Amino acid sequence: MCRGIDGVIDTRIAKAEWPRNRRLKPSTVVPIRAAFSRRVKGRKITAIQRMGKRIVLILDDDWRIVFEPRMTGLALVANPPTDEHLRLSLHLRGGKVSLLMFWDRRGLSTLRLLSPEEFVKVLGPARLGPDALRISVRQLRETFGKSRRAIKVALLDQRCVAGIGNLYASEILFEAKVDPRRRCDLLTARQWSRIHTAISSVLVEAVSYEGSTLSDGTYRNALNQTGDYQNHHRVYDLAGQICCGCEGDEIRRIVQAQRSTFFCPTCQRMP
DNA sequence: CATATGTCCTGAGAGC
DNA sequence: TGCTCTCAGGACATAT
């Protein structure tokens, strides 16, 4: 997610610009735009960091700009998909990149400017679990092992493990050959081990393909290029198709916690 | 305490 | 053709 925007490191923010559009309701911005602009103006971006699904820009006064793209937000250093959905432009000086833009078609994303104290409250360990790419099997079992929740639902809980989205939870459980409806407390050590391996392999593969641009076309990388991982999905958005694993059963779509889950009933048979 | 549900937002697509 | 309706889902607030 931070790929392609490393060029903003060591730049100085000359201006924050908020394009106005009457058709769109404003995205969530904290604090209000005027205060945000005033505080970031003249600040240097000293580092950039991914925390779960968020992008964090660290400023030289230790305040942080936290961007949560959620479903529809993008951070871009190239022209955005449309002009009308551009939410914020940061004009930068002194580095490789002179413009960092935040774009959002539906306004579900959030932008926050946080003091060091607020940052700990919002993104501290109480609110955000260990990163999915760093968590150990032991941590995974300690976190979820006694939960009665379905494993698919649990994997989406960012307080437990950070960085797994809905699409990836389905792909991970297919790769691990685990039924998404299975209760956490009934999973075996062998299954936890496979889930742990699958978390890394699926996420690393997805990142290598620059993510998934689904049928709504929203997702783009920082250069406004579509991802290609959607062409490598094993189950997500493939309901009714023959499973690539068993080449016999059809992929099914079910709903868990109001979210789509895709799986192969044969390859991921309980228990 | 653990888990479940309602809410926000826009645009695509279905149905008539 | 053009309208109305439904749906998509990440994180948080509120309810059970």
Side-chain angles (χ1 to χ4, degrees), chain A residues 1 18-30 50-56 66-75 80-88 102-112 114 118-129 131-132 141-173 180-187 203 206 211-220 226-227 229-230 233 235-240 253-262:
Chain A
M1 189 170 26
W18 309 89
R20 53 180 71 245
N21 186 325
R22 277 179 216 88
R23 279 188 56 241
L24 299 173
K25 296 209 172 176
S27 304
T28 301
V29 178
V30 177
R50 178 184 67 82
M51 291 189 71
K53 304 178 191 173
R54 294 152 169 101
I55 294 173
V56 181
V66 177
F67 178 57
E68 258 184 49
R70 301 204 185 178
M71 279 298 295
T72 52
L74 299 176
T82 62
D83 291 339
E84 61 171 327
H85 299 99
L86 185 60
R87 309 290 176 142
L88 167 65
F102 298 90
W103 178 94
D104 188 345
R105 174 172 282 158
R106 275 156 58 185
L108 295 178
S109 65
T110 66
L111 269 163
R112 285 169 209 279
L114 301 174
E118 290 166 330
F119 180 74
V120 172
K121 277 188 204 162
V122 173
L123 280 179
R127 299 289 291 273
L128 201 64
D131 192 87
R141 289 192 69 180
E142 279 172 9
T143 306
F144 293 120
K146 290 197 171 74
S147 169
R148 296 171 62 87
R149 283 190 293 183
I151 178 63
K152 156 65 162 50
V153 176
L155 285 176
L156 297 177
D157 189 336
Q158 303 299 302
R159 289 167 305 185
C160 299
V161 53
I164 299 175
N166 190 54
L167 181 171
Y168 298 108
S170 283
E171 293 295 328
I172 286 164
L173 292 174
R181 299 163 295 186
R182 193 73 174 153
R183 268 166 47 179
C184 290
D185 59 346
L186 300 178
L187 291 170
L203 293 181
S212 297
T213 301
L214 302 181
S215 56
D216 71 354
T218 298
Y219 178 73
R220 298 285 204 284
T226 59
Y229 189 63
Q230 70 280 5
H233 291 173
V235 288
Y236 189 83
D237 231 358
L238 296 176
R253 174 187 181 270
I254 59 173
V255 174
Q256 296 180 282
Q258 287 96 244
R259 287 148 204 220
S260 297
T261 300
F262 296 86

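Letters go in sequence order (proteins before strands), and every chain restarts at 1. Keep in mind it's a predicted model, so treat the numbers as computed, not measured.
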(message) For A:Gln158 and A:Val255, find the nucleotide of DNA chain C closest to each by heavy atoms; which residue's nucleotide sits nearer the 5' end?
(response) A:Val255
Nucleotide N/O of nucleotides 12-16 of chain C paired with protein N/O under 3.5 Å:
unit_1: C:dC12; atom_1: OP1; unit_2: A:Arg54; atom_2: NH2; d: 2.9

(request) Using the test side chain to side chain contact (heavy atoms under 4.5 Å, CB included), find all partners of A:Val120 that sit at least two apart in sequence or belong to another chain. (result) none
(request) Compare side-chain N and O positions of A:Lys53 against OP1 and OP2 of C:dG10 and report whether any pair is under 4.0 Å apart. (result) no
(message) Less than 4.0 angstrom between a side-chain N/O of A:His85 and OP1 or OP2 of B:dG11, yes or no?
(response) yes
(request) Taking salt bridge (Lys or Arg N to Asp or Glu O under 4.0 Å) as the test, write out the residues that go with A:Arg253, two or more places apart. (result) none
(request) Specify the separation, in whole Å, of atom CG of A:Asp104 and atom C1' of C:dG10. (result) 12 Å
(request) Identify whether the distance between the nearest side-chain nitrogen and carboxylate oxygen of A:Arg70 and A:Asp104 falls below 4.0 Å. (result) no
(request) Could you tell me the separation between the CG atom of A:Leu24 and the CZ atom of A:Arg106, rounded to the nearest 0.5 Å? (result) 13.0 Å
(request) Could you identify which residues of residues 144-153 of chain A place a heavy atom less than 4.0 Å from some atom of DNA chain B, listed by residue number, or say none? (result) A:Ser147, A:Arg148, A:Arg149
(message) Here's a test of your reading of the structure: between A:Arg159 and A:Asp216, which maps to the more 5' nucleotide of DNA chain B?
(response) A:Arg159
(request) Return the value, rounded to whole Å, for the distance between atom CD of A:Gln258 and atom C1' of B:dG6. (result) 8 Å
(request) Please collect all salt bridge (charged side-chain N to carboxylate O under 4.0 Å, His left out) contacts where either partner lies in residues 159-168 of chain A, sequence neighbours excluded, each pair once. (result) A:Asp157-A:Arg159
(request) Return yes if a side-chain donor-acceptor contact under 3.5 Å exists between A:Trp103 and A:Ser109, otherwise no. (result) no
(message) In whole Å, I'd like the distance from the CD atom of A:Gln256 to the C1' atom of B:dA4.
(response) 13 Å
(request) Go through A:Phe119 and A:Val56 one step at a time and tell me if the side-chain contact (heavy atoms from CB on, under 4.5 Å) criterion holds. (result) CA-CA 10 Å; A:Phe119 180 74; A:Val56 181; 4.0 Å; yes
(request) For A:Thr261, enumerate each residue passing the side chain to side chain contact (heavy atoms under 4.5 Å, CB included) test, keeping only those at least two apart in sequence or located in another chain. (result) A:Lys152, A:Ser170, A:Pro180, A:Ile254, A:Gln256
